[in-house]
2 protein chains.
Amino acid sequence: MAGGVIAFALEKGMSMSGTQAPDKGSPRAGWKQDPEGVRANILAIALEEFSTNGLSGARMDEIAAKTKTSKRMIYYYFGDKESLYLKALEAAYRKVRQGEEELALDHLPPKDALERLVEFTFDHHRNNPAFIRLVMIENIHHGRYLEQSDEIKSLNRAAISKIETLYSRGVADGVFRMGIEPLRIHWLISAMSFFNVSNAMTFSMLFGPELQTADGQGALRGDVREAVLRFVAV
Amino acid sequence: MAGGVIAFALEKGMSMSGTQAPDKGSPRAGWKQDPEGVRANILAIALEEFSTNGLSGARMDEIAAKTKTSKRMIYYYFGDKESLYLKALEAAYRKVRQGEEELALDHLPPKDALERLVEFTFDHHRNNPAFIRLVMIENIHHGRYLEQSDEIKSLNRAAISKIETLYSRGVADGVFRMGIEPLRIHWLISAMSFFNVSNAMTFSMLFGPELQTADGQGALRGDVREAVLRFVAV
DNA sequence: GCCATAATTAACCGTCTGGTACATTTCGCT
DNA sequence: AGCGAAATGTACCAGACGGTTAATTATGGC
């Protein structure tokens with residue numbers, strides 16, 4: 001990628017290719033052509049399509065149709081379908097991890113911090129179903145594409161070290177029991193938060209939709225917090 | 001999930017279509033033609049292929065090639081691709097749920113029973129990755145096919161009632177706290193056991209393979225048991 | 001032995017789909 | 001203005017893929 005200062009507007013709002021645009025944030029403002037905007041637009045649509053239909057299920061023609069540009073441009077910028085998928089996956093990870101960085105835990109007491117981390121993660125996953133689905137898809141492909149992205153791997157170690165400091169503080173304070181690897185705490189939080197979104201459809205299909213209601217989600221959110229806090233308690 | 005010589009026995013007893021087979025369980029033993037065997041063979045291969053490649057990723061020609069029979073036969077018995085997928089999904093569920101019924105919990109004290117249920121579920125999921133993958137795929141398709149199967153839905157309510165009696169006993173004995181819906185306990189156990197298999201690839205890709213080693217899995221198994229027991233403890 | 005039906009074979013087909021060839025326009029620069 | 005490079009539009013293609021046509025063989029009951 002190495003695109004430099006690209007404003008990565010994955011969402012709808014992005015630089016327009018109108019006659020002129022006096023905005024400052026957009027690079028090359030005023031241009032009739034807007035390559036970076038086109039790239040971003042393609043990525044956003046691709047993310048949506050791959051997330052909905054899977055890698056082999058997504059159709060390049062369909063992606064192209066939903067884009068502001070043409071199929072030709074997709075190949076021009078991304079080469080082929082798999083590369084596009086990989087770029088979309090990377091973009092999704094970047095966007096999500098970026099959201100996670102806003103979370104400040106160091107000023108809170110360990111238990112409160114952990115509580116907040118759990119609830120944040122739960123909500124965060126819930127609010128990013130497209131990302132969750134992409135990860136599911138990636139798992140079905142045995143992580144073959146994630147493997148190719150050096151960029152993504154580095155992003156994730158940070159999440160662990162965040163827990164590491166938090167947990168150490170808790171142990172020092174005597175409120176957390178010793179001997180748990182931070183990675184396993186992360187695993188625990190992830191497992192429940194992820195499953196809640198990833199398996200929502202089959203679960204509610206098999207056992208009824210009650211856990212997907214506002215009340216149900218509230219209860220699960222509380223359960224996850226409770227389970228994690230009790231897990232680390234002395 | 002050894003992919004070698006197929007002995008899957010998905011349906012009623014199947015038999016080889018060799019020159020002759022003097023087995024007793026097999027219907028129409030000694031026949032040159034063996035329709036049920038062919039059906040079962042197709043289903044077994046289809047399950048494997050769909051589980052590996054997804055619904056749109058799986059190729060009918062590939063399935064046919066791996067079968068003892070021809071593509072024509074697949075359409076003869078199953079109609080089209082989606083129907084075959086549905087039947088494979090049903091067969092997978094049937095096989096898995098069947099294994100679950102062997103678990104006897106009523107004679108154990110509540111805590112031991114729950115412990116055993118958790119460990120059983122954890123192991124069971126771990127030992128049925130193809131099934132897990134099919135469920136993932138089904139979730140990506142929004143449960144569209146699971147929805148069509150009345151058969152599967154009925155199978156699953158049993159799992160809940162098993163927990164229900166177990167939990168009630170625990171509450172009566174004063175070892176479990178009150179006010180938890182059995183469904184949420186099932187959710188908790190499922191979430192962790194499922195995630196452990198479903199997200200194994202991406203997780204170990206991002207955070208290292210240590211949780212997938214024998215030791216790592218042992219630790220996680222203990223964690224899940226611990227988390228559930230602590231969750232329901234008074 | 002004969003027949004209706006189930007099971008099976010092999011070649012074939014129309015369309016969908018990822019990917020391209022080639023001509024054309026737009027842009028930054030001088 | 002004019003030039004080389006980047007960006008784009010149009011039309012197209014070769015192969016893959018789900019599904020089928022039509023003819024053939026096996027099977028069990030009578």
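When distances run from any side-chain atom of Met73(A) to the nucleotides dG9(D), dG19(C), dC17(D), the shortest one goes to dG9(D). For Tyr77(B), whose side chain is taken as the heavy atoms from C-beta onward, the closest listed nucleotide among dG18(D), dT8(C), dA7(D) is dT8(C). Nearest nucleotide to the Lys71(B) side chain, out of dT20(C), dT8(D), dG18(D): dG18(D).
Under a cutoff of 6.0 Å and an axis angle of 45°, Arg133(A) and Phe50(A) do not form a cation-pi pair.
With salt bridges taken as basic N to acidic carboxylate O contacts below 4.0 Å, none links Arg116(A) and Glu119(A). At a threshold of 4.0 Å, the pair Arg94(B)-Glu151(B) counts as salt-bridged, since one of the basic side-chain nitrogens sits closer than that to a carboxylate oxygen.
Distance CZ (Arg59(B)) to C1' (dG15(D)): 12 Å, rounded to an integer number of Å. Taking atom CD1 of residue Ile74(B) and atom C1' of nucleotide dA7(C), one finds them 15 Å apart after rounding to whole Å. One interatomic measurement links the two molecules: OH of Tyr75(B) to P of dC12(C), which rounds to 19 Å at whole-angstrom precision. Between Glu36(B) atom CD and dA6(C) atom C1' there is a gap of 12 Å when expressed in whole angstrom units. The nearest whole Å value for the distance from the CD atom in Glu82(B) to the P atom in dC17(D) is 17 Å. Straight-line distance from the CD1 atom of Ile63(A) to the P atom of dT17(C): 12 Å, rounded to whole Å. A straight line from CG of Asn53(B) to P of dC17(D) spans 11 Å, rounded to a whole angstrom. Between Ile42(A) atom CD1 and dT8(D) atom C1' there is a gap of 11 Å when expressed in whole angstrom units.
Dashed line: the shortest gap from a side-chain N or O of Tyr76(B) to OP1 or OP2 of dT9(C) is not under 4.0 Å. Listed pair Ser56(B) / dG18(D) fails the phosphate criterion, with no side-chain N or O lying under 4.0 Å from OP1 or OP2. For the OP1/OP2 pair of dT8(D) and a distance below 4.0 Å, the side-chain nitrogens and oxygens of Ser70(A) include no atom meeting the criterion.
Among the atoms of the strands shown, only primed sugar atoms or phosphate atoms (P, OP1, OP2) are found under 4.0 Å from some heavy atom of Ala58(B). Contacts of Met60(B) with the nucleic acid, taken as non-hydrogen atoms under 4.0 Å apart, involve only primed sugar atoms and P, OP1 or OP2.
For dG19(D), its base never sits under 3.5 Å from the side chain of Lys81(B) at any donor and acceptor pair.
Under the side chain to side chain donor-acceptor pair (under 3.5 Å) criterion, Ser190(A) pairs with His186(A), not counting sequence neighbours. With sequence neighbours left out, Arg97(B) forms a salt bridge (Lys or Arg N to Asp or Glu O under 4.0 Å) with Glu100(B).
Comparing Arg72(A) and Leu55(A) by the nucleotide of DNA chain C whose heavy atom lies nearest to each, the residue mapping closer to the 5' end is Leu55(A).
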